[in-house]
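Reviewing the structure listed below.
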Amino acid sequence: MRALLVDDDKFMLTVLADLLGDLGVHGVTTATSGAEATIAFDRLLPPPDVILCDLKMPGGDGFQFMEVLASRKYAGGVVLVSGMEARVMNSASLMARFHRLNVLALLNKPVSAPALAAALAQLL
């Protein structure tokens with residue numbers, strides 16, 4: 001399984017990559033903004049199986065990146081990861097579903113290994 005991690009916090013990228021590694025996901029690409037994630041996504045062939053995306057980032061946020069994913073008809077799983085309040089997370093989930101993205105989970109930071117494992121299990 002291959003993953004694209006998108007978060008402006010480099011420590012969070014490291015934590016998520018370690019969690020994924022512990023769950024058997026070793027093909028991990030990281031990006032620190034929606035704009036950087038777009039470039040990384042376009043270079044990954046085939047596309048990643050799952051994308052973990054923060055919502056609030058400078059240089060292109062998670063909402064904008066989800067629009068990019070929709071425009072490219074991304075069919076893999078999406079896990080939204082954020083420290084934002086539940087109302088914002090639910091709005092992001094509705095937007096993603098409106099764009100026909102396969103939302104696996106809404107995870108609050110810090111992400112727990114069991115919650116991430118449950119989200120990934122939906123892809124198997």
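- The side-chain contact (heavy atoms from CB on, under 4.5 Å) check on Leu94 picks up nothing, with sequence neighbours excluded.
- Using a distance-only test at 3.5 Å, with no hydrogens or angles considered, a donor-acceptor pair links the side chain of Gln64 to the main chain of Asp61.
- Among residues at least two apart or in separate chains, salt bridge (charged side-chain N to carboxylate O under 4.0 Å, His left out) pairs with a member in residues 107-124 are Asp7-Lys109, Asp54-Lys109.
- To the nearest 0.5 Å, atom CG of residue Leu101 and atom SG of residue Cys53 are 10.0 Å apart.
- Follow the hydrophobic side-chain contacts under 4.5 Å out from Leu52 and you reach Val28 in the same cluster.
- Of the listed residues (Thr32, Val15, Thr30), just one forms a side-chain contact (heavy atoms from CB on, under 4.5 Å) with Lys10, and that residue is Thr32.
- Here the shortest heavy-atom pairing between Ser33 and Pro58 reads CB-O, 3.3 Å.
- Follow the hydrophobic side-chain contacts under 4.5 Å out from Phe63 and you never reach Leu107; the two are in separate clusters.
- Residue pairs satisfying the ring-ring contact (aromatic ring centres under 6.0 Å, His included) criterion with at least one member in residues 87-117, sequence neighbours excluded, are absent.
- If you take CG on Leu55 and CZ on Phe65, they are separated by 12.5 Å, rounding to the nearest 0.5 Å.
- Arg100 is linked by a salt bridge (charged side-chain N to carboxylate O under 4.0 Å, His left out) to nothing, counting only residues two or more places apart in sequence or in another chain.
- Note that CE of Met1 and CG of Leu20 are 9.0 Å apart. Values are rounded to the nearest 0.5 Å.
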Could you go through Val79 and Val50, starting from their C-alpha distance and side-chain angles, then the distance that decides it, and tell me whether this counts as side chain to side chain contact (heavy atoms under 4.5 Å, CB included)? CA-CA 7 Å; Val79 177; Val50 66; 4.1 Å; yes
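- Atom CG of Leu19 sits about 9.0 Å away from atom CE of Met12, to the nearest 0.5 Å.
- Residue pairs meeting the side chain to side chain donor-acceptor pair (under 3.5 Å) criterion with at least one partner in residues 73-95, sequence neighbours excluded, are Glu85-Arg87, Ser93-Arg97.
- Annotation: ring-ring contact (aromatic ring centres under 6.0 Å, His included) contacts involving residues 104-124, sequence neighbours excluded, are absent.
- Note on Val68: it does not cluster hydrophobically with Val81, by side-chain heavy-atom contacts below 4.5 Å among ILVMFWY residues.
- The salt bridge (charged side-chain N to carboxylate O under 4.0 Å, His left out) check on Asp42 picks up Arg72, with sequence neighbours excluded.
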Let me have the donor-acceptor pairs involving side chains of residues 110-124, under 3.5 Å, with sequence neighbours excluded, atom names and distances please.
| residue | atom | partner | partner atom | Å |
| --- | --- | --- | --- | --- |
| Ser112 | OG | Ala115 | N | 3.2 |
| Gln122 | NE2 | Leu104 | O | 2.8 |

Stepwise, does the side chain to side chain contact (heavy atoms under 4.5 Å, CB included) test hold for Met66 with Leu80? CA-CA 10 Å; Met66 284 189 287; Leu80 301 176; 3.7 Å; yes
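- Applying the ring-ring contact (aromatic ring centres under 6.0 Å, His included) rule to pairs touching residues 100-121 yields nothing, sequence neighbours excluded.
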For Phe41 and Val6, what are the C-alpha separation, side-chain angles and deciding distance, and is it a side chain to side chain contact (heavy atoms under 4.5 Å, CB included)? CA-CA 10 Å; Phe41 180 84; Val6 188; over 6 Å; no
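- Under the 4.5 Å side-chain contact rule for hydrophobic residues, Ile51 and Met84 share a cluster.
- The side-chain hydrogen bond (donor to acceptor under 3.5 Å, both in side chains) check on Thr29 picks up nothing, with sequence neighbours excluded.
- Listed by first then second residue, pairs satisfying ring-ring contact (aromatic ring centres under 6.0 Å, His included) with a partner in residues 6-26 number zero, not counting sequence neighbours.
- Closest approach of Leu4 and Ala37 over heavy atoms only: CD2-O, 4.0 Å.
- Contacts of Lys56 classified as salt bridge (charged side-chain N to carboxylate O under 4.0 Å, His left out), with partners at least two apart in sequence or in another chain: none.
- The CG atom of Leu69 sits 11.5 Å away from atom CG of Asn102, with the distance rounded to the nearest 0.5 Å.
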